[in-house]
Number of protein chains: 2
Amino acid sequence: MDTEERLRDILQRLQKDGHRMTPQRVAILRAFLSAQDHPTVEQVYRRVCRDFPMTSLATVYKTVALLKEMGEVIEISGDLQGSRYDAFHPEPHPHLICTRCGQIYDGEGVDVQPVVAALQAQSAFQVSTYRLDLYGVCAACQAQSG
Amino acid sequence: MDTEERLRDILQRLQKDGHRMTPQRVAILRAFLSAQDHPTVEQVYRRVCRDFPMTSLATVYKTVALLKEMGEVIEISGDLQGSRYDAFHPEPHPHLICTRCGQIYDGEGVDVQPVVAALQAQSAFQVSTYRLDLYGVCAACQAQSG
DNA sequence: TTATTTACGGATAATGATTATCAATAAGAG
DNA sequence: CTCTTATTGATAATCATTATCCGTAAATAA
């Protein structure tokens, strides 16, 4: 499912819930869905403004709230100032956060489910989602200065 | 190592770094070290005030910053308003956060290291710490209302 | 197409946790 | 005891996020 296809699907679901399709909303959705770098709300706002200058930051916040409700974006919060968002891979997965440059990478190829399932079983929790973030120094920053 | 022993150790290390031992600091440290319920700064502040009424919230914030630097407390941030702290088990470990009642439980008996190590190997990151938080409904809240 | 309803957008004020500021105080060294 | 300066406490500042509120423009039906 590519970005445009997801966009159509999301707009359709929104409409079903009595929401409307506006140019701003479409532009913001497109920016979120296509971003592969875990941007902040501010960054998405600036991207949308590039080709849609009369957009408000508040509208971007409203849209990210919608996307969160719909499960189409996950939030990365933690020792950062300002949350980052991942609408490209909206299912829970590990993130690797570089404390030097601030870049966030997706942790791939490792199955976290068994650990989550074990913790769920051991605790009698009904787990709905999880968050696994590793903090450290990325390869690029290591090469740069040890 | 019990609370008082840790307290002495921490105070000694602080002194070594040119810090001082004040009654407020001791009271705040004791409150953090003995808390087993992942309190907020505000909650620690109120506890300290019970038997040490002339304490400032700002001092509690300063103390938690010290403890963070020393690795004697870990911070739990996320979809909460206000960070929570765990100075009782200051090494990284999973947390189970109840979205119904807000209580935070420690995830025990499950080894997370292999997953962390696999992600580190796969990413060429130099991982210094991690955070694994599960969100869901605790057993007590399930019993209460499904 | 036009009228009507009302969700939405934009600008900005409000919130709330955390951080910075700074004068007065007191811990610790000599 | 004296001196240096880390620390305290009160409060102002910061900053991401949320709430507010009015004018606008989607969607729907006439």
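Proteins get letters first, then strands, A, B, ... in listed order; numbering begins at 1 in each.
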Quick check for you: among dT17(D), dA7(C), dA10(D), whose closest atom lies nearest to any side-chain atom of Y61(A)? dT17(D)
Check whether any side-chain N or O of [X] sits under 4.0 Å from OP1 or OP2 of [N], and answer yes or no.
X	N	answer
R25(A)	dC8(C)	yes
Q24(B)	dT7(D)	no
T22(B)	dA27(C)	no
T59(A)	dG10(C)	yes

Check [Y] with [X], please: is the shortest side-chain N to carboxylate O separation under 4.0 Å?
X	Y	value
D37(A)	R47(A)	yes
K68(B)	D79(A)	no
E4(A)	R8(A)	no

For the helix from dT1(C)-dA30(D) to dG30(C)-dC1(D), what angle lies between the axis at the first five pairs and the axis at the last five pairs, to 10 degrees? 30°
For a quick check of understanding: with a heavy-atom distance under 4.0 Å over all strands, which category does T55(A) fall into, base, sugar-phosphate or nothing? sugar-phosphate
Mind checking if T40(A) touches a base, just sugar-phosphate, or nothing, with heavy atoms under 4.0 Å? nothing
For [X] and [N], what is the distance between atoms [atom1] and [atom2] respectively, to the nearest whole Å?
X	N	atom1	atom2	value
L57(A)	dG9(C)	CG	C1'	13 Å
K68(A)	dT18(D)	NZ	P	6 Å
L66(A)	dC8(C)	CG	C1'	11 Å

What do you reckon, is CD of Q81(A) surrounded by more than 12 foreign heavy atoms closer than 6.0 Å? no
Not counting sequence neighbours, which residues clear side chain to side chain contact (heavy atoms under 4.5 Å, CB included) with M70(A)? List them please. I10(A), R13(A), L14(A), E72(A)
When only distance counts, do a donor and an acceptor, one from the side chain of R20(A) and one from the base of dA7(C), lie under 3.5 Å apart? yes
